[in-house]
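Below, all heavy atoms of this structure are taken into account, side chains as well, without hydrogens, waters or symmetry copies.
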Amino acid sequence: MLLSGLKAFRRTFLNKVTRLSEKHATTDATASSTSTSTSTSTSTSTSEAPPLPPSTGFIDQISTRHVQGWTIAPESPAQRLNVEAFLPETGEKLGHGTADQFHYGLSGIGDGSRRYGFWFHLTREITPAERETLRVRVPGQGDLARSPNLSSWQPLLHVAMDIVDNCNLRCPFCLYDYSAVRRTHVMTRDTLEAALRLLPYTKDGEFWFSCLHEPSLHPEFASFLDAIPPAFRKKVFFTTNLARRMPESYFRTLAQSGIDHINISMESRTPELYERMRKGARFPIFMQNWDRLLAAFRDAESTVALRYVIMAYKSNLHELPELSRYLLSEGRAAQVEIRYTYDVPFIDVAFRQQEFLEEAEWDWLQANLPVAEPGQILLARPPVPQNPAPADAQNETETETASVSALPIKPEETPQTVKEPFIPGHYLAQLSWDGTLELKGISQASSGAALIEVPVVTKNIRDIPDIDAFLYALDCKSIQTSEAS
């Protein structure tokens, strides 16, 4: 029953990744094309060699052991360029490769194949100081620029963790089927400490302390937040319904936590409607918690951003424009996201028929939302189906996906075998309360706006002695799989 919900959840995230990466790649390509490499001081071409077409591209990652990026000859998109890394101070060459690998951020560039990426080992491990000066060039031309978003090495697109496996509410639109849940399991301290080792490998705001469930059910939730190393707290956020009665100290802890942001789920400021949508919640308790949270944030002059996630329905449709204004002006909202419901099969048919919005209602909502700064109000409308597959193909895909990724994973399972090439350095991590870590990659079969997930490995986080070596080995396996295919 959870299969469709998880698939929708992952699909929405991957669509967001696609939009961001395509915007990033397009921006990089535009910037790079205006500053085409012309330097001859680092040229390795000979007088007999024909001139190479001007190239454009960026270096995306430089670790102490590898480099990753992309480059293309815009006037000759069928060509795949060679690249090499070197230290400008000594001229030492530290590795080379060909820009013919799949790069998920290059949709719409060149011949459309996205195969303009490069990833190669350095011939030796470099120092952090050498990392700062390392350059990558196309022989016969100048150096490739470093991306504005250059990272040392952050191969995890996100870490979607849950420290519990239950929720205090039973909302009629939830993407998780709680019908068989009878008790709450909680993450242990040693599992948390093992999980926090993943923090350096993802970007700010991409380590989810809660993904599907309510984290405040954990009796040690506040102390778990305190366990996050201060240097990595900006990587962390969590989502809460704010519907459990909590002590004053809890809200002070949140205000002083230093994490990136907190998502607060709500649909209405009307008591009856709030309690109908948030089944099991009591509006007075929510309001008391909300007031205490805002007071604690004001007193602490908190840097933690508050974001509000609202599901749009027929019942609350006409309240949403004013609710958005209120949250921005009175609720310290850094962002208000109004979104559609994942159409999971266990949502009651009557609720779906009575509450799901028609296209004209989404149009009305979009037209009536208040004007705000870019990014302050996000409207996530239902995706429009494009070229739906025949029924037989859909059933076949559903069965195959279920067999490899959506069924419950046992902690004692051995790592799964990679069956198709996936790109290095871009993994989706899901981590459950018991430490089960499921890593997915992005298939090199991805095309257009669709990013295809492939299972890479399943392993308990406590059984990984060296996270850095573990993730780097996956990158190496990706390259080996790609070369063998």
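- Ring orientation note: the planes of His185 and Trp433 are close to parallel, at an angle under 30° on the 30°/60° scale.
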Asp100 vs Thr98, side chain to side chain donor-acceptor pair (under 3.5 Å): CA-CA, chis, key distance, verdict:
CA-CA 6 Å; Asp100 59 358; Thr98 302; 5.0 Å; no
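- The pair Glu193-Arg462 does not count as a salt bridge, with every side-chain nitrogen at least 4.0 angstrom from each carboxylate oxygen.
- Note: Arg233 CZ to Asp226 CG = 6.0 Å, rounded to the nearest 0.5 Å.
- Residues Leu157 and Glu206 have side chains not in contact (no heavy-atom distance under 4.5 Å, counting atoms from C-beta outward).
- Put simply, OG1 on Thr123 and NE2 on His121 are 11.5 Å apart, with the number rounded to the nearest 0.5 Å.
- Of the listed residues (Val83, Thr71, Asp143, Ile62), just one forms a side chain to side chain contact (heavy atoms under 4.5 Å, CB included) with Val136, and that residue is Val83.
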Check the pair Met311, Tyr340 against side chain to side chain contact (heavy atoms under 4.5 Å, CB included), reporting the backbone distance first and the verdict last.
CA-CA 6 Å; Met311 312 302 291; Tyr340 72 97; over 6 Å; no
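- A salt bridge does not link Arg135 to Glu84: none of the charged nitrogens lies less than 4.0 Å from a carboxylate oxygen.
- Between His96 and Phe120, the ring center distance fails the sub-6.0 Å criterion.
- Ring geometry, His218 versus Phe224: the interplanar angle falls from 30° to 60°, so the pair is classed tilted.
- No side-chain donor-acceptor contact under 3.5 Å links His158 and Tyr427.
- With hydrogens and angles left out, the side-chain atoms of His103 and Asp60 include a donor and acceptor closer than 3.5 Å.
- Ion pairing between a basic and an acidic side chain is recognised when a charged N comes within 4.0 Å of a carboxylate O; Asp260 and Lys203 show no such pairing.
- For the pair Arg137 and Phe86, the cation-pi test (distance below 6.0 Å, angle within 45°) is passed.
- Rounded to the nearest 0.5 angstrom, Asp165 CG and Leu212 CG are separated by 10.5 Å.
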